[in-house]
2 protein chains.
Amino acid sequence: MTTKTYGQYCGVARALELVGERWALLIIRDLLVAPKRYTDLRAGLPRIPTNVLATRLKELEQAGIVTRRVQPRPSGAIVYELTPYGEDLDQVVLALGRWGARSLGELRPGEIATAETLVMALRSTFEPGDVKASYELRFGEVVVHAVVDGESLEAAPGPLPDADLAIEAYAPLSPLLNGELDAKAALAAGLVSTSGSIAALARFAKLFRIGPTPAVA
Amino acid sequence: MTTKTYGQYCGVARALELVGERWALLIIRDLLVAPKRYTDLRAGLPRIPTNVLATRLKELEQAGIVTRRVQPRPSGAIVYELTPYGEDLDQVVLALGRWGARSLGELRPGEIATAETLVMALRSTFEPGDVKASYELRFGEVVVHAVVDGESLEAAPGPLPDADLAIEAYAPLSPLLNGELDAKAALAAGLVSTSGSIAALARFAKLFRIGPTPAVA
DNA sequence: CTGGATCCACACAGATACTG
DNA sequence: CAGTATCTGTGTGGATCCAG
């Protein structure tokens, strides 16, 4: 798509020319969480062909969205990082994540969740309010945490040992977050277990609520 | 991409599976302005191959994003319209448009602007404030109007004869809107002419301000 | 005229193997 | 670790054709 243009003088078209290709916004999603090395990106995007990853990174670098930095010795590692311009895609990725969350449904066979997908899920579904609380969320091997204080949310990979509430999910939490199950029912169904009360889990579910699953023809 | 999945349990990935294919979000952009017939969509997207348009419309219909309606006789016309689920992509398209507007730059050879691209440009760059005003904006053949009242903006195709300010653009207004030129300089440069004062044009430019052009490597 | 379907050439994505 | 090389298949682009 880099060479292919849409022929329209339009911000949407320009944006899609820059980041509309397959995998591009998923690479950016992962880099929004933290700078990463080539191998880290591959690990977070297991299905991406390596030549496509290499090509995208070059295109994104060319477009001024990503920078490629060689770390000083002794590490010598190569790190990909978003430029400020690339970081401005945050709102685009969050909007996409918010809209797409409603279609998540069941975990499909072979599908994975990473710390990056969970962090962006929390960030995109966050509804600011009056709550002040901290959470540790576990889903299999993947652990992330979130600190909520009114309008502000900090979400990042890794544990938070002294979180107000620790949540262990045994399956996608969509039914809890879209209102299909309330906190009590989700616990009863074995979807989730927590270190706290039903009320605390309900508050969590309200903070990161997603819309109802859309009807499909 | 409909059959091709990203293998990630992630809202962003789901969204891209549904609307991440080439042309899809541009079709949705045009439908966000108003429902359209097949031929109208072709007219607004001159470079889209007809088979791709037909395929996208089927996929989007399948996904519950677009509906295909046959109008009652005598028109019998077929109209494509967004479902409520599809309309929820508004925020995604606006976020993309806002980000991409900064990279618009010059009008490239063969590139066109339509009423739909102008309407979305106004909507995506609108910065709510204390202003109450109405505008008619002309760019070649294309005429759109906007009514601003504090937080609210209504933008739509077509003229608005009794607008507070009529603006005729002879070239893209990016230099005016990104602060490269101020209102006085833009008028002096022949970029634009208006029915009103320099101050009125400056207020317009402030309402629909876009960020600075990103530096590219 | 609208609303597509069909055909072909080709660029790009997918998969895997290989290298500095 | 960070890619490149190669092969294959599918989706896209572009033009044309066709039915109501």
Side-chain angles (χ1 to χ4, degrees), chain A residues 1-8 13 16-27 30-31 35-63 66-81 110-111, chain B residues 1-8 13 16-27 30-31 35-63 66-81 110-111:
Chain A
M1 231 112 74
T2 313
T3 65
K4 291 294 184 183
T5 64
Y6 288 105
Q8 299 205 327
L16 292 174
E17 287 168 9
L18 293 169
V19 298
E21 297 153 288
R22 203 156 154 73
W23 294 106
L25 279 168
L26 295 182
I27 295 169
D30 280 7
L31 292 180
K36 286 191 170 45
R37 304 173 26 174
Y38 190 89
T39 311
D40 301 331
L41 286 168
R42 285 194 62 178
L45 269 15
R47 301 251 264 256
I48 193 173
T50 101
N51 57 346
V52 172
L53 176 55
T55 304
R56 289 294 167 275
L57 286 171
K58 267 178 232 158
E59 292 164 350
L60 293 173
E61 194 186 353
Q62 181 83 18
V66 162
T67 57
R68 180 184 192 273
R69 259 195 11 234
V70 181
Q71 297 280 64
R73 288 283 165 188
S75 98
I78 294 167
V79 173
Y80 292 94
E81 190 172 7
E111 212 164 48
Chain B
M1 233 106 77
T2 312
T3 64
K4 291 296 186 178
T5 64
Y6 287 105
Q8 298 206 327
L16 291 174
E17 288 168 8
L18 293 169
V19 298
E21 297 154 286
R22 201 155 157 71
W23 295 105
L25 278 170
L26 295 182
I27 295 169
D30 280 7
L31 292 180
K36 285 188 171 48
R37 303 168 37 165
Y38 191 88
T39 311
D40 302 330
L41 287 167
R42 285 193 63 178
L45 270 14
R47 300 253 264 256
I48 193 173
T50 100
N51 58 345
V52 172
L53 176 55
T55 304
R56 289 294 168 276
L57 286 171
K58 267 180 232 156
E59 292 164 350
L60 293 173
E61 194 186 352
Q62 183 82 19
V66 161
T67 57
R68 182 183 190 274
R69 259 193 12 232
V70 181
Q71 296 281 62
R73 286 284 165 192
S75 98
I78 294 167
V79 174
Y80 293 93
E81 190 172 6
E111 213 165 48

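Proteins come first, then strands; the chains are lettered A, B, ... in the order of their sequence lines, and each starts at number 1. Keep in mind that what you see is a predicted model, and the values were worked out from it rather than measured. Just so you know, these numbers use all the heavy atoms, side chains as well, and skip hydrogens, waters and symmetry mates.
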Check the distance between C:dA11's C1' and A:Glu59's CD and give it to me in whole angstrom.
13 Å
Between D:dG11, D:dT4, C:dG4, which one does the side chain of B:Arg56 approach most closely?
D:dG11
Expressed as a whole number of angstroms, how long is the span from B:Glu21:CD to D:dG13:P?
11 Å
Could you state the CD1-P distance from B:Ile27 to D:dT12, rounded to the nearest angstrom?
11 Å
Does D:dT4 have its OP1 or OP2 closer than 4.0 Å to a side-chain nitrogen or oxygen of A:Tyr38?
no
Output the rounded distance in Å from CG (A:Asp40) to P (D:dG3).
12 Å
Can you tell me the distance, in whole Å, between the CG atom of A:Leu53 and the C1' atom of D:dC1?
13 Å
Counting only side-chain N and O atoms of B:Tyr6, is one of them less than 4.0 Å from OP1 or OP2 of C:dG14?
no
Tell me, please, which residues at least two apart from B:Arg68 pass salt bridge (charged side-chain N to carboxylate O under 4.0 Å, His left out).
none
Rounding to an integer number of Å, can you tell me how far B:Glu61 CD sits from C:dG4 C1'?
14 Å
Check: A:Tyr6 and B:Arg47 side chains under 4.5 Å, non-hydrogen atoms:
no
Determine whether a donor-acceptor pair (N or O, by modelled atom type, separation under 3.5 Å) exists between the side chain of B:Gln8 and the backbone of A:Pro46.
no
Which one, D:dT12, C:dG4, D:dC1, comes nearest to the side chain of B:Ala54?
C:dG4
So A:Tyr38 and A:Tyr80, would you call those rings parallel, tilted or perpendicular, with 30° and 60° as cut-offs?
tilted
Should B:Arg22 be listed as having a side-chain N or O under 4.0 Å from OP1 or OP2 of C:dC12?
no
Determine whether B:Leu31 and B:Leu60 satisfy the following criterion, side chain to side chain contact (heavy atoms under 4.5 Å, CB included), listing intermediate values before the conclusion.
CA-CA 12 Å; B:Leu31 292 180; B:Leu60 293 173; 5.9 Å; no
With the side chain defined as heavy atoms from C-beta on, B:Ala77 is closest, among D:dT4, C:dG3, D:dT12, to C:dG3
Nearest heavy-atom contact between B:Leu18 and B:Ala63 is CD2-CB, 3.9 Å
As a check on the pairing definition, encode DNA chain C in dot-bracket form, counting Watson-Crick and G-U wobble pairs whose two distances are under 3.5 Å, and using | for partners outside this strand.
|||||||||||||||||||.
Could you tell me whether the phosphate oxygens of D:dG13, OP1 or OP2, come under 4.0 Å of any side-chain nitrogen or oxygen in B:Trp23?
yes
Starting at atom NZ of B:Lys58, determine the distance to atom C1' of D:dG11, rounded to an integer number of angstrom.
15 Å
Could you check how far CD of A:Glu17 sits from P of D:dT12, rounded to whole Å?
16 Å
Note: A:Val79 and A:Pro35 closest approach over all heavy atoms is CG1-CB, 3.7 Å
According to a strict under-4.0 Å criterion, is A:Lys36 in side-chain N/O contact with OP1 or OP2 of D:dA2?
no
For C:dT2, does OP1 or OP2 lie under 4.0 Å from any side-chain N or O of B:Arg37?
no
What verdict does the salt bridge (Lys or Arg N to Asp or Glu O under 4.0 Å) test give for B:Arg56 and B:Glu59, after you've listed the backbone C-alpha separation in whole Å, the side-chain angles of each residue and the deciding distance to 0.1 Å?
CA-CA 5 Å; B:Arg56 289 294 168 276; B:Glu59 292 164 350; 3.2 Å; yes
Below the 4.0 Å mark, does C:dG4 have OP1 or OP2 next to a side-chain nitrogen or oxygen of B:Arg68?
yes
Are any non-hydrogen side-chain atoms of A:Ile48 and A:Ile27 less than 4.5 angstrom apart?
yes
Can you give me the N/O atom pairs linking the protein to nucleotides 15-20 of chain C at distances under 3.5 Å, or say none if there are none?
| from | atom 1 | to | atom 2 | distance (Å) |
| --- | --- | --- | --- | --- |
| C:dA15 | N6 | A:Asn51 | ND2 | 2.8 |

Taking every non-hydrogen atom, the tightest pair across B:Arg37 and B:Ile78:
CG-O, 3.4 Å
